[in-house]
Number of protein chains: 2
Amino acid sequence: MGRGKIAIERIDNTTNRQVTFSKRRGGLMKKARELAILCDADLALIVFSSTGRLYDFASSRSVS
Amino acid sequence: MGRGKIAIERIDNTTNRQVTFSKRRGGLMKKARELAILCDADLALIVFSSTGRLYDFASSRSVS
DNA sequence: GACTCTATTTATAATTC
DNA sequence: TGAATTATAAATAGAGT
């Protein structure tokens, strides 16, 4: 989905893995938010980076 | 991202909303799985449809 | 390491079957 | 409904900053 095609397997290069994590995490959060709004769905998404940092999204109807 | 552009707001038509829910839920789950594999991240995704049905995904490292 | 850019791949809205 | 198709919008891989 970009200049080249990639296989879905662990990215060995650390820098590349971190860049991809940052980009795809943003995309995933955006799509989660869109699904919640478009379809009136209730959802929660929790992501931990490999360094242990936490990122999350929860639709407003979710228990927080 | 399809034949036409849509605004990110609740889809009023019930049939269309259910179809969109099914498609986007699948896409979101796929992207969650890819992020977990590509970036060695730990994540969990929980989705409730407006009818109360539950769908979830958790990477293998997640506590279940 | 967090930005931008853009050629491509991918997801999906509308449609057809 | 429900599954496939297809034209198009959106995400993103790789490169450059």
Side-chain angles (χ1 to χ4, degrees):
Chain A
M1 179 197 307
R3 291 300 178 88
K5 197 169 185 173
I6 61 162
I8 302 303
E9 57 190 19
R10 184 177 186 281
I11 297 170
D12 287 328
N13 182 279
T14 303
T15 301
N16 191 21
R17 189 169 65 248
Q18 289 178 342
V19 168
T20 295
F21 178 72
S22 176
K23 287 182 177 178
R24 282 182 171 254
R25 173 170 47 77
L28 189 64
M29 292 284 177
K30 183 179 181 183
K31 282 200 171 288
R33 186 165 49 245
E34 291 182 350
L35 180 63
I37 296 171
L38 288 170
C39 304
D40 199 25
D42 204 14
L43 66 89
L45 172 63
I46 302 171
V47 182
F48 288 94
S49 71
S50 55
T51 58
R53 202 177 303 230
L54 170 68
Y55 303 89
D56 73 325
F57 167 75
S59 62
S60 57
R61 296 170 60 205
S62 292
V63 175
S64 56
Chain B
M1 177 198 305
R3 292 297 179 86
K5 197 170 183 172
I6 60 162
I8 301 304
E9 57 191 19
R10 183 177 186 280
I11 298 169
D12 286 327
N13 182 279
T14 304
T15 301
N16 190 20
R17 189 170 66 248
Q18 289 178 344
V19 169
T20 296
F21 177 73
S22 175
K23 287 181 178 179
R24 281 182 172 253
R25 173 172 46 77
L28 188 65
M29 292 284 177
K30 182 179 180 184
K31 282 196 170 291
R33 185 166 48 247
E34 291 182 351
L35 179 63
I37 295 171
L38 287 169
C39 304
D40 200 23
D42 205 13
L43 66 90
L45 171 63
I46 302 172
V47 182
F48 289 95
S49 71
S50 55
T51 58
R53 203 178 302 231
L54 169 69
Y55 303 90
D56 73 323
F57 167 76
S59 62
S60 58
R61 295 170 60 207
S62 293
V63 176
S64 55

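Quick note: numbers below take in every heavy atom, side chains included, and nothing from hydrogens, waters or symmetry partners. Within every chain, numbering begins at 1; the chains are lettered A, B, ... in the order of the sequence lines, protein sequences first and strands thereafter.
For A:Lys31 and C:dT12, the shortest distance from a side-chain N or O to OP1 or OP2 is below 4.0 Å. For the OP1/OP2 pair of D:dA11 and a distance below 4.0 Å, the side-chain nitrogens and oxygens of A:Lys30 include at least one atom meeting the criterion.
Whole-Å rounding puts the B:Ile8 CD1 to D:dA9 C1' distance at 11 Å. When the C1' atom of C:dA13 is taken as reference, atom CD of B:Gln18 falls 17 Å away, rounded to whole Å. To the nearest angstrom, P of D:dT12 lies 9 Å from CE of B:Met1. Atom CD1 of B:Ile6 and atom C1' of D:dA10 are 11 Å apart (whole Å). Going from atom CG of B:Leu28 over to atom P of C:dA11 covers 12 Å, rounded to whole Å. B:Asn13 places its CG atom 13 Å from the C1' atom of C:dA14, with the value rounded to the nearest Å. Counting to the nearest Å, the P atom of D:dT12 and the CZ atom of A:Arg17 are 18 Å from each other. Regarding A:Lys5, its NZ atom lies at a distance of 15 Å from the C1' atom of C:dA7, rounded to whole Å.
At a threshold of 4.5 Å between non-hydrogen side-chain atoms, the residues A:Leu35 and B:Val47 count as touching.
Taking all atoms of both residues into account, the shortest heavy-atom contact from A:Asp12 to A:Arg17 is O-NH1, 3.2 Å. Across every non-hydrogen atom of A:Leu28 and B:Lys31, the tightest pair is CD1-CB, 3.8 Å.
Side chain of A:Thr20 to backbone of A:Asn16: a donor-acceptor contact under 3.5 angstrom is found.
Between A:Val19 and B:Gly27, the residue anchored nearer the 5' end of DNA chain C, judged by the nucleotide with its closest heavy atom, is A:Val19. Map A:Gly4 and A:Ser22 each onto its nearest nucleotide of DNA chain C; the residue landing nearer the 5' end is A:Ser22.
Among the protein residues, B:Thr20 comes within range of the sugar-phosphate backbone only, with heavy atoms under 4.0 Å from sugar or phosphate atoms but none that close to a base.
Between the side chains of A:Asp40 and B:Ser50, no donor-acceptor pair of N or O atoms lies under 3.5 Å.
With the end axes of the helix from C:dA2-D:dT17 to C:dC17-D:dG2 each set by five pairs, the angle from one to the other reads 30° at 10° resolution.
For A:Arg3 and C:dT9, a side-chain-to-base donor-acceptor distance below 3.5 Å is absent, hydrogens and geometry of angles not being considered. Checked by distance alone, A:Lys23 brings a side-chain donor or acceptor within 3.5 Å of a matching partner on the base of D:dG14.
If you chain together ILVMFWY residues whose side-chain heavy atoms come under 4.5 Å of each other, A:Ile37 ends up grouped with A:Leu38, B:Ile6, B:Ile8, B:Ile11.
The ring pair (Phe, Tyr, Trp, His ring centres under 6.0 Å) search around B:Tyr55 returns B:Phe21, not counting sequence neighbours.
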